[in-house]
Structure formats: C-alpha cells, structure tokens
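Worksheet: the structure to be examined is printed underneath.
Convention: sequence-line order gives letters A, B, ...; per-chain numbering from 1.
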Amino acid sequence: MKNFDVAYALEEIAALLEILGADTFRVNAYRKAARGVEGYPGDVEDLARKDALSLIPGVGPALSAKIREMLDTGSIRYLEELRKQVPPGVLNFLAIPGIGGKTASILFTELHLESIEELENAARAGLLRSLKGFGEKKEAAILRGIEAFKKNAGRILLADVFALAYDIRDALNAHAAVQAAELAGSFRRRRETIKDLDLVVASDHPETVMDYFASLPLIAEVTSRGDTKLSGKSRAGISVDLRVVKRSEFAAALLHLTGSAEHNASLRGRAKDLGLKINEYGVWSLDGFLFPTEEEADLYSLLGLSFIPPELRENRGEIEAAAKDQIPELISLSCIRGDLHIHTRDSDGLGTIEQVAEQAVRWGYEYLAITDHSRSLVIARGLDAARLKAQGERIRRLNEEMESVRLLCGVEVDILPDGSLDHPDEVLEELDVVIASVHSAFRQDRQTMTRRIIRAMENPHVDIVAHPTGRLIGRRDAYEVDIEEVITAAKRTNTVLEINASPDRLDLSDVHARMAASLGVKIAINSDGHSVAAMHDMQFGVFNARRAWLTKEDVINTMPLETLQDFLANHKK
DNA sequence: GCCGTTTTCGGCCCGACTGTTTTCAGTCG
C-alpha cells in the first residue's frame with residue numbers, strides 16, 4: 001500500500017462529504033490529511049507500525065484509525081458507506097471547471113443527474129436554469145466547463161509550456177507601462193505538470209496592461225476580466241491568468257500567486273499566530289499597518305522565516321525548516337558537471353558521439369557518459385558485446401583528441417525479466433559507468449518486479465538504476481514496484497538511483513527522490529538524451545531535484561571528474 | 001476532523017470575480 005493510495009482514499013472521502021453537504025471544515029480536514037499523507041516523505045505503513053500516524057500534519061485520532069483500517073484491510077468502511085450514497089459519476093462533476101461541491105450536490109439531489117453525459121444533456125435541454133441560484137449564464141458556463149474537461153482533462157507537461165510562458169512574460173516586460181513582470185503559480189514552483197500559467201505585473205496602469213495583454217497574438221481569448229485580474233486562453237488552449245498590482249505590492253502578490261495554496265494557508269496561519277495578517281497585498285499588523293516589502297524575502301522575514309525557494313512551497317515541512325533557518329542550499333543547474341546517461345545513433349539516439357561531445361564542450365561539462373542500449377533491446381538497435389567494444393575504442397580515441405571534456409564508456413544495460421543483466425560481468429567490468437534499467441515485461445507483479453530490480457542492484461558492476469519506476473507522465477503509469485524497498489536496497493548495495501530528467505519521466509519523482517536522499521542514497525540527474533537537443537532536458541531534472549530538497553552533495557554528477565571516477569571505481573566495494 | 005506558549009472548546013486563510021441577486025453564494029487559486 002502506497003502513501004498515494006491512502007491519500008487518494010482520504011481525498012475521495014472529502015469529495016463525497018462535500019457533495020453530501022457536510023461541514024466545510026470537516027471536508028477540509030480530510031483534504032489536509034490527504035495532502036499530508038501524499039507529501040509525507042517516508043512510508044505511511046512504517047508510521048502506522050510505530051503507532052505514529054499523528055506525526056503527519058492534519059492527522060488526528062479519527063483519521064489515524066481510518067488510515068490504519070485502510071492499511072490493514074485495503075479499504076475504509078466509512079468510505080464504502082459514503083460511496084453508497086453518491087453515484088460514482090457525480091464525483092466527476094467536481095473535475096469540471098466552475099462546478100464545486102455545492103453545485104454538484106444540487107445537480108444530483110434536485111435533478112438526479114448521475115454522469116457528465118446526463119449533465120450535458122440536461123444543460124443543453126435548458127433544465128438547469130430553473131434551479132434556484134442558477135441562470136442561463138451559469139448553464140452556459142457549465143457547458144463550457146464540460147467542453148474544457150473533455151478537451152483538456154489532463155495537465156500539460158512543464159516542458160511543453162516553457163517557451164510560451166517566457167514569451168508571454170517577455171512580451172509584458174517590453175511594454176512601457178510594465179515595471180516588472182514575473183511568472184508565478186505551479187510553473188514557478190516547477191511542478192512536473194501545469195494546469196495554467198499565472199503572471200504578476202507591477203504597473204500603475206492596470207487597464208493599459210490588461211488591454212495590451214489581451215491584444216497579444218499569443219492570447220486567443222479573454223474569459224474573465226476585472227479591475228486588476230484577467231483570465232484568458234493562449235492559442236494552444238492553455239489558461240493564462242494575469243494579475244496587475246502596484247509596485248509596492250509586487251512581492252506580496254508574487255508570493256501569493258506562486259502558492260501553493262497550502263503553503264499560503266500555512267503562512268496565513270503563522271501570521272495569525274504572530275498577531276499579524278498576510279494577504280496578497282502584504283503583511284499587516286492587526287491595527288491595519290502595512291509593512292513595506294521590496295521582495296519575497298522581506299515578507300518571509302516579517303513572519304520569522306528565512307527565504308523559501310518556490311520549488312519547496314508545497315507545505316511539506318518547508319515552513320518549519322525556514323523557522324529554524326534550516327532550508328537547505330538547493331542544487332542548481334550550474335552545479336552539474338556532466339551527464340551520465342546519453343544515447344547516440346549507435347543505438348536509438350540521433351546524434352553521433354562527436355556531436356553530443358561537442359555539445360558537452362559548449363556547456364562546459366567536464367564529462368559525458370555514452371550509455372547506449374544493450375543487445376536485447378532490438379527495437380533500439382541495442383549493442384552486443386562486440387559493438388560495445390568497438391564503440392569503446394572509438395571513445396578512447398576521441399578522448400585523446402579532446403581536452404576539455406572526458407567521455408566515459410558506459411552502457412544502459414537491460415534488466416532482464418529474471419533480474420539478470422543483458423551483458424555478462426566480463427563485459428560490464430570493462431566499463432566506466434553501468435546503468436541498469438527495465439525496458440521489458442512491465443506487467444510483472446509487484447513482488448517479481450521489486451526482486452528483479454533489487455537483484456540487478458546486487459550486481460557489483462551496476463552503478464546506477466535508471467528511471468526506477470518506469471512511469472511516463474500522462475501516458476503510462478509506473479510499473480508495479482515497491483519503490484520504498486528498492487530505495488532501501490539501493491542504500492544497502494550502494495547503488496545510485498537516477499532522476500531521469502526527461503520531462504515526461506522525472507523518475508524518481510520529487511517525493512521518492514527526497515525519500516532516497518534522506519536515507520543517504522546517492523542520486524544521478526541524467527538527461528537520458530536521445531539527441532543533442534534533448535541534452536537540454538537536464539534542467540527539468542534539476543528542477544525535480546530541487547523539489548526533492550536535494551543539495552549538491554546528494555548528486556554524483558556534481559563531482560569533479562577525478563572525484564567521480566574515484567567514486568564509480570569504489571562505491572560498490 | 002484537527003488543534004492549542006492566549007484556548008481541550010471554538011475556532012478553523014484570504015480576496016477577486018461571476019452570476020444571480022438587490023446583499024450574497026459559489027468557485028477558484
């Protein structure tokens with residue numbers, strides 16, 4: 001049972017209670033506990049065994065009992081009871097923009113609508129406008145919400161909005177009435193997926209700025225507009241929110257709009273405890289004095305906190321750490337001295353060894369590991385021992401020509417279904433870097449897959465396990481694997497775990513990478529680039545590492561070349 | 001349902017915008 005499963009059950013209880021019209025604070029209590037469980041860096045089952053579930057923020061005696069019931073029996077009777085009262089389709093209403101608990105409840109109790117399809121038919125037939133508190137506009141808004149839900153059910157990858165986000169920000173910054181413009185929201189927190197873009201602008205002329213924003217070719221339509229806030233849609237269909245504030249309010253607005261909502265809620269609670277108030281305009285005394293603030297750090301400081309980097313603002317312990325001045329110095333892209341997972345056209349990459357090496361030189365990397373696939377991965381033209389040996393000779397010759405970057409001979413060797421490796425030890429021991437990973441038999445059961453990966457880690461030549469859960473964000477779930485057990489085995493066998501920087505992998509995830517590093521497992525952040533261009537993905541891996549609270553010391557490819565070579569030669573001994 | 005260097009009961013984060021309303025509820029972030 002994963003933390004995620006427990007969190008999901010608690011979230012479902014919250015949603016059901018909301019639809020059934022339960023007390024809002026009770027609903028929020030379940031939501032808060034769900035987030036606490038999901039964000040908890042350790043294993044909830046461990047906590048349960050130690051009878052310490054209440055260490056999770058928001059979990060008290062009643063929820064401890066329900067979580068324990070879930071862990072023991074696989075379900076929660078209370079949840080089962082609630083499910084009997086609300087048809088499953090009604091829960092989906094909450095995913096439609098514009099519909100919250102109240103509306104969902106009315107649609108179900110008054111019109112007995114039980115699915116999105118029924119809701120859509122009712123709205124088209126004009127049945128909704130007769131309900132109390134509803135009208136034609138709300139009916140139309142619900143229909144638009146259903147369209148948006150169908151079209152854009154999932155979130156979009158961070159990498160897929162990157163260029164658009166900075167184009168919009170730069171366009172705003174170019175306008176004379178704009179004193180400052182910044183991206184906020186989950187984009188600034190570098191979440192792996194994004195629902196919409198948030199921008200904050202400092203200006204004395206909000207009307208002018210909003211007119212200008214609406215006229216940008218990047219913006220297709222404006223969906224709502226008030227005095228200081230505008231919502232629109234980009235040509236690509238992504239929602240974009242703009243907020244215009246005075247220069248003196250910019251830092252507070254940036255903090256507020258960066259979120260997360262949970263982080264903000266905690267800050268407001270802390271302000272209250274200190275006899276202050278914080279909102280999007282700044283920090284206030286109770287008698288209405290607004291403290292002047294230049295930058296976000298000033299607001300944190302007024303609350304007795306050191307600065308918290310956006311990537312940590314998820315209410316996962318960062319406020320407590322900041323109160324003790326214990327926010328770690330997070331890793332940054334400039335700490336990365338090389339990439340340890342690169343494919344070339346020898347297997348399924350696009351670039352030649354020379355081309356990826358040249359890119360490494362341009363970036364000032366000290367080293368680059370060539371790690372093409374092994375023979376079993378026929379679809380990728382995986383290398384057999386003879387081709388691997390020939391490739392190694394070419395790499396050694398290149399190393400004699402190039403001074404500024406060191407190419408390392410490596411392989412991404414398949415972990416076969418039984419946990420053995422796709423090359424014999426005699427081949428592996430000749431290499432500088434051995435990465436092992438799963439590319440086949442994804443449907444093994446949890447125990448088989450877990451044993452399979454652990455067996456690979458027990459091989460003395462395996463340095464790194466790549467993309468340990470196999471997930472493809474938005475496309476394929478992780479295979480069944482006990483990642484906590486894999487992490488424990490990585491510690492025991494001194495095997496490095498990868499944060500695969502490919503934007504649709506980010507595997508390990510932030511939560512798992514934090515778990516691994518907190519146990520002392522070393523991490524490698526690798527692009528897994530299959531082209532020169534894809535080597536740029538390194539930055540997304542670093543974002544993920546920052547969200548995992550990692551420092552330079554946690555990550556092996558921040559080491560200088562000689563230190564790294566020494567590490568690779570000795571860590572499995 | 002949770003939580004406490006004011007509290008073990010009575011609070012629980014704050015504001016913009018929309019739509020349906022004549023003063024506010026619902027949604028969203």
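- A:Phe187 does not carry A:Arg189 over the face of its six-membered ring by the limits of under 6.0 Å from the centre and within 45° of the normal.
- Nucleic acid contact for A:Lys32: none, since no nucleic acid atom lies under 4.0 Å from a heavy atom of the residue.
- One interatomic measurement links the two molecules: CG of A:Leu10 to P of B:dC2, which rounds to 10 Å at whole-angstrom precision.
- Of the possible donor and acceptor atoms, none in the side chain of A:Thr293 sits under 3.5 Å from a partner among the backbone N and O of A:Glu295.
- Just one residue in the list A:Leu17, A:Ile13, A:Ile19 forms a side-chain contact (heavy atoms from CB on, under 4.5 Å) with A:Val27, and that residue is A:Leu17.
- Between A:Tyr78 and B:dG1, a side-chain N or O to OP1/OP2 separation shorter than 4.0 Å is absent.
- Checking B:dC2, B:dC17, B:dG15 against every side-chain atom of A:Leu63, the shortest atom distance belongs to B:dC2.
- Within the 4.0 angstrom heavy-atom criterion, only backbone atoms of the sugar-phosphate kind lie near A:Thr228; the bases stay farther away.
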Base contacts versus sugar-phosphate-only contacts with protein, heavy atoms under 4.0 Å: please encode nucleotides 19-29 of chain B as B, S and - from 5' to 3'. SSS----SSSB
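- We find that CZ of A:Phe25 is positioned 13 Å from C1' of B:dC3, with the value rounded to whole Å.
- In this structure, B:dT8 makes no Watson-Crick or G-U wobble pair, since no nucleotide meets both defining distances under 3.5 angstrom.
- The side chain of A:Lys66 sits closest to B:dG1 out of B:dC2, B:dG1, B:dC14.
- In this entry the distance linking CD of A:Glu249 with C1' of B:dA16 reads 13 Å, nearest Å.
- Residue A:Asn28 is classed as having no contact, given no heavy-atom separation below 4.0 Å to the nucleic acid.
- Of the C1' atoms belonging to B:dC9 and B:dC14, the separation is 24 Å, rounded to the nearest Å.
- The interatomic distance linking A:Asp227 (CG) with B:dA16 (P) rounds to 10 Å, in whole Å.
- With rounding to whole Å, A:Lys272 atom NZ is found 18 Å from B:dT5 atom C1'.
- As rounded to the nearest Å, B:dG1 and B:dT5 have P atoms that lie 23 Å from one another.
- Although no hydrogens or angles enter the test, the distance criterion places no donor-acceptor pair under 3.5 Å between the side chain of A:Thr73 and the main chain of A:Met70.
- If you take atom P in B:dT21 and the same atom in B:dT27, they sit 15 Å apart, rounded to whole Å.
- Using a distance-only test at 3.5 Å, with no hydrogens or angles considered, no donor-acceptor pair links the side chain of A:Ser502 to the main chain of A:Arg505.
- If you take atom C1' in B:dC28 and the same atom in B:dT22, they sit 24 Å apart, rounded to whole Å.
- Looking at heavy-atom distances under 4.0 Å, A:Val59 makes contact with sugar-phosphate atoms alone, never a base.
- Separation of the C1' atoms belonging to B:dG11 and B:dT6 is 13 Å when rounded to the nearest angstrom.
- As rounded to whole Å, 12 Å separates atom P of B:dC2 from atom CG of A:Leu17.
- For the C1' atoms, the distance linking B:dT18 with B:dT23 amounts to 15 Å, nearest Å.
- Using C1' as the reference atom, B:dC17 and B:dC12 are 24 Å apart when rounded to the nearest Å.
- Taking CG of A:Asp510 as the start and CZ of A:Arg547 as the end, the distance is 5.0 Å to the nearest 0.5 Å.
- One atom, CE of A:Met210, and another, C1' of B:dA16, lie 11 Å apart when rounded to the nearest Å.
- Between A:Ile56 and A:Thr223, the residue anchored closer to the 5' end of DNA chain B is A:Ile56, taking for each the nucleotide with the nearest heavy atom.
- Between the side chains of A:Asp507 and A:Thr469, at least one donor N or O sits under 3.5 Å from an acceptor N or O.
- For A:Lys246 and B:dA16, the NZ to P distance is 12 Å, given to the nearest whole Å.
- Taken from CG in A:Asp167 to OG in A:Ser234, the straight-line distance is 11.0 Å, to the nearest 0.5 Å.
- Using cut-offs of 30° and 60° on the angle between ring planes, the pair A:His175 and A:Tyr212 is tilted.
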